[in-house]
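Reminder, nothing fancy here: chain letters follow the sequence lines and each chain counts from 1.
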Number of protein chains: 2
Amino acid sequence: MPRGTRFTGSVTIVDVAHEARVSHATVSRVLNNDSHVSPETRERVLRATTRLGYSVNQQARSLAGGRSQVIGLVVRDLGTGYIGEIVRGIDDQLSTAQYDMMLYTTHRGGTGKESVYVTSLAQGMTDGLLLVLPQNPESYLQTLRQRRFPFVLIDHNGSGESESAVGATNRQGGYDATKYLIELGHRRIGFITGSMDLGCSRDRLDGYKAALCDHGLSIDQALIRQGDFHQPMGFTCAQALLSLPDRPTAIFASNDVMAFGVMEAVRDQALKIPDDVSIVGFDDIPQSVSVYPQLTTVQQPLAEMGARATQMLLELIENPDQPAQRVELPTELIVRASTRAIK
Amino acid sequence: MPRGTRFTGSVTIVDVAHEARVSHATVSRVLNNDSHVSPETRERVLRATTRLGYSVNQQARSLAGGRSQVIGLVVRDLGTGYIGEIVRGIDDQLSTAQYDMMLYTTHRGGTGKESVYVTSLAQGMTDGLLLVLPQNPESYLQTLRQRRFPFVLIDHNGSGESESAVGATNRQGGYDATKYLIELGHRRIGFITGSMDLGCSRDRLDGYKAALCDHGLSIDQALIRQGDFHQPMGFTCAQALLSLPDRPTAIFASNDVMAFGVMEAVRDQALKIPDDVSIVGFDDIPQSVSVYPQLTTVQQPLAEMGARATQMLLELIENPDQPAQRVELPTELIVRASTRAIK
DNA sequence: ATCTTCCGTGTGAGCGTTTACATGCAATAA
DNA sequence: TTATTGCATGTAAACGCTCACACGGAAGAT
């Protein structure tokens with residue numbers, strides 16, 4: 001098997017050291033902002049680096065015990081705008097911190113896949129991990145924890161208190177949207193859950209139930225369908241809901257993508273949105289304004305969640321001993337055209 | 001500055017060598033499928049690796065002159081499903097080839113950003129690059145070429161013949177969609193281009209013009225607006241088109257996202273889709289079935305394009321001296337509900 | 001029986017860094 | 001003045017791997 005040609009011939013720390021007439025260790029000190037370097041030497045080294053167009057070899061750096069300046073982003077897939085928004089926030093932080101990102105998708109192979117990644121990538125490829133909506137995380141969270149490997153969960157507050165996580169006020173979001181529908185006069189409000197192994201899904205459901213209770217409405221199990229955050233399931237659940245003898249006048253889906261499925265199902269039954277059925281989503285992904293009618297939804301500050309999680313991860317990398325932080329960013333109900341007062 | 005705790009203590013090639021009672025070089029040979037190893041030894045080493053739970057340290061491997069087993073994916077952003085689909089294809093190939101992926105987005109900072117990445121990441125972090133719809137690639141393509149660094153362009157056939165690229169039959173796609181609209185009875189067909197510095201945009205426009213010519217229709221410059229592949233621009237261009245004295249009965253946007261903008265604009269003027277205006281997009285991203293009405297569009301086999309590009313890149317990494325390949329995958333017109341015959 | 005080839009394996013250098021330790025020199029304390 | 005500190009810098013050993021080379025022994029050729 002022929003070896004590939006490498007991208008070699010680049011200038012190393014030794015070249016810089018030679019150019020600046022110092023030892024390579026001194027160059028390394030300058031590069032790592034070590035305090036024990038005289039201003040003149042520092043200046044001379046810096047000039048040499050720019051003159052020679054030096055850039056550090058991350059592989060060597062991390063092999064030698066430094067940081068890799070890479071974080072890993074573990075996601076299921078990139079299907080919807082959901083991840084895209086989060087990545088925007090991550091990216092912003094990363095670029096100012098001079099970090100790069102490895103992308104690990106787990107959409108193939110289903111279960112167990114994430115853990116494979118987590119162990120294999122943690123071979124020093126990355127300094128830390130950002131886990132977006134991990135599916136069944138206990139298997140590998142265990143490993144990460146005991147190795148004290150820095151990681152932050154995004155949109156998954158569930159599994160304990162010992163790890164850092166950033167999420168949104170899911171319960172409040174579920175509450176607000178439901179309350180809004182009630183105030184619009186809706187009495188039979190269908191609800192489609194997310195994957196119930198996720199804390200955020202349970203919280204949204206809780207908010208829904210709480211709002212019903214607080215307004216003196218009873219919880220009808222027939223109006224609650226278990227979804228999975230995917231569009232086809234939104235369609236299926238909505239079909240079931242709409243064929244109920246006393247069908248709901250509003251449907252609240254636990255994310256926007258399922259809400260799109262609901263829209264399909266409603267039209268499929270020749271019903272009008274929002275005249276016959278009001279629809280509310282959750283997330284406020286970019287597509288929610290490009291569907292018709294534009295979707296009323298509970299906005300999660302996705303980009304900000306990504307940014308905050310990244311900040312937290314970077315801090316954790318800097319100081320792995322600090323206690324876990326759990327951040328909840330506020331959701332906000334965005335009223336658009338898919339909801340209206342009941343006739 | 002305190003150094004972060006590393007993810008150390010992992011088992012190395014030396015541990016495996018010891019366990020299997022061979023030298024570390026022999027272990028390396030087994031790991032790299034070198035032929036000069038006896039079956040028994042190979043077997044023994046393999047058993048040792050699994051027994052010890054060994055996994056290779058990529059940093060060390062690539063530092064030592066091997067491959068990094070990482071490719072870089074350079075994209076503008078992850079906003080729409082467009083990239084997501086491509087990544088699905090890439091991912092599939094990568095996982096069978098045991099490769100990982102670094103993600104580089106260039107949406108911030110505008111021009112020049114890509115070239116920074118390209119030089120910095122090529123420090124040996126990656127074995128090759130996949131460039132999706134690069135914006136003004138000449139600056140850094142130059143560098144990549146002269147360093148003979150493997151890369152493949154996706155959805156960008158334009159800038160020459162010397163590099164490998166995978167695209168789609170854009171001209172044919174533009175032609176097919178336009179022809180379809182003509183056959184539906186439309187005579188005034190608006191067209192919104194993509195970014196005109198991209199070959200694919202020019203090809204789609206060419207196809208549009210060719211279809212008009214072939215059917216004896218004249219090309220009206222007023223019906224052609226220059227877009228940029230983003231939704232707001234689709235909206236703006238459509239507004240302009242719709243306020244023409246003799247407004248078009250159909251609008252063909254150079255991608256789906258702009259088509260969504262067109263939909264907005266059409267509704268904004270209280271016109272009906274497809275009754276008053278037919279709309280066609282390009283790409284067939286997942287969202288095109290979740291808008292209403294579902295979008296008629298020219299399908300690009302995005303996942304397949306990603307997969308093919310990845311295969312090509314992997315071959316190129318294996319053998320950098322092979323000639324550039326240019327692949328065009330077929331597009332297909334997908335008729336949905338946003339178009340209808342003229343009244 | 002001797003020379004050559006080739007195969008399986010070991011030895012050791014080197015990839016570009018970081019970092020513990022050593023060194024020398026100036027400044028301060030005695 | 002001499003001992004002591006502290007700072008700027010150099011030396012060299014890792015980090016975990018690949019690969020060129022060396023080497024011994026078995027098989028084939030003469």
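- Qualifying side-chain contact (heavy atoms from CB on, under 4.5 Å) partners for A303(A), counting only residues two or more places apart in sequence or in other chains: R88(A).
- Look at CZ on R21(B): it is 16 Å from C1' on dG8(C), rounded to the nearest Å.
- Taking five base pairs at each end of the helix from dA1(C)-dT30(D) to dA30(C)-dT1(D), the local helix axes there meet at an angle of 50°, rounded to 10°.
- Taking atom NE2 of residue H36(A) and atom C1' of nucleotide dT5(D), one finds them 13 Å apart after rounding to whole Å.
- dC15(C) atom C1' lies 13 Å from atom CD1 of I13(A), rounded to whole Å.
- The side-chain heavy atoms of H24(A) and R29(A), taken from C-beta on, include no pair separated by under 4.5 Å.
- Proximity of I90(A) to I86(A): side-chain heavy atoms (C-beta onward) are separated by under 4.5 Å at one or more points.
- Note on S62(A): every side-chain N or O is 4.0 Å or more away from OP1 and OP2 of dT17(C).
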Which protein N or O atoms sit under 3.5 Å from an N or O of nucleotides 11-15 of chain D?
residue, atom, partner, partner atom, Å
dA12(D), N6, H24(A), NE2, 3.0
dC15(D), O2, L63(A), O, 3.2
dC15(D), O2, A64(A), N, 3.2

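- Going from atom CD of Q59(B) over to atom P of dT18(C) covers 13 Å, rounded to whole Å.
- Counted by atom type alone, S62(B) and Q59(A) present one or more donor-acceptor pairs between their side chains at under 3.5 Å.
- Whole-Å rounding puts the R44(A) CZ to dG10(D) C1' distance at 14 Å.
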Salt bridge (Lys or Arg N to Asp or Glu O under 4.0 Å) between R308(A) and E328(A), intermediate numbers included
CA-CA 10 Å; R308(A) 279 303 295 272; E328(A) 278 207 339; over 6 Å; no
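- Applying the side-chain contact (heavy atoms from CB on, under 4.5 Å) rule to S164(A) yields the partners V152(A), M312(A), L316(A), A324(A), Q325(A); only residues at least two apart in sequence or on another chain are considered.
- The side-chain contact (heavy atoms from CB on, under 4.5 Å) search around R51(A) returns E19(A), R47(A), not counting sequence neighbours.
- One can place CG of D34(A) at 14 Å from C1' of dG10(D), the figure rounded to the nearest angstrom.
- As judged by a 4.0 angstrom heavy-atom cut-off over every strand, S28(A) is placed among the base-contacting residues.
- Every residue meeting the side-chain contact (heavy atoms from CB on, under 4.5 Å) condition with A97(A), not counting sequence neighbours, appears here in chain and number order: Y99(A), L314(A).
- Across the protein-nucleic acid pair, N32(A) atom CG and dG16(C) atom C1' stand 13 Å apart, rounded to whole Å.
- Look at CD on E43(B): it is 16 Å from P on dG8(C), rounded to the nearest Å.
- The phosphate of dT18(C) has OP1 or OP2 within less than 4.0 Å of a side-chain N or O from R61(A).
- When side chains are defined from C-beta on, L129(B) does not count as touching I71(B), because their heavy atoms never get closer than 4.5 Å.
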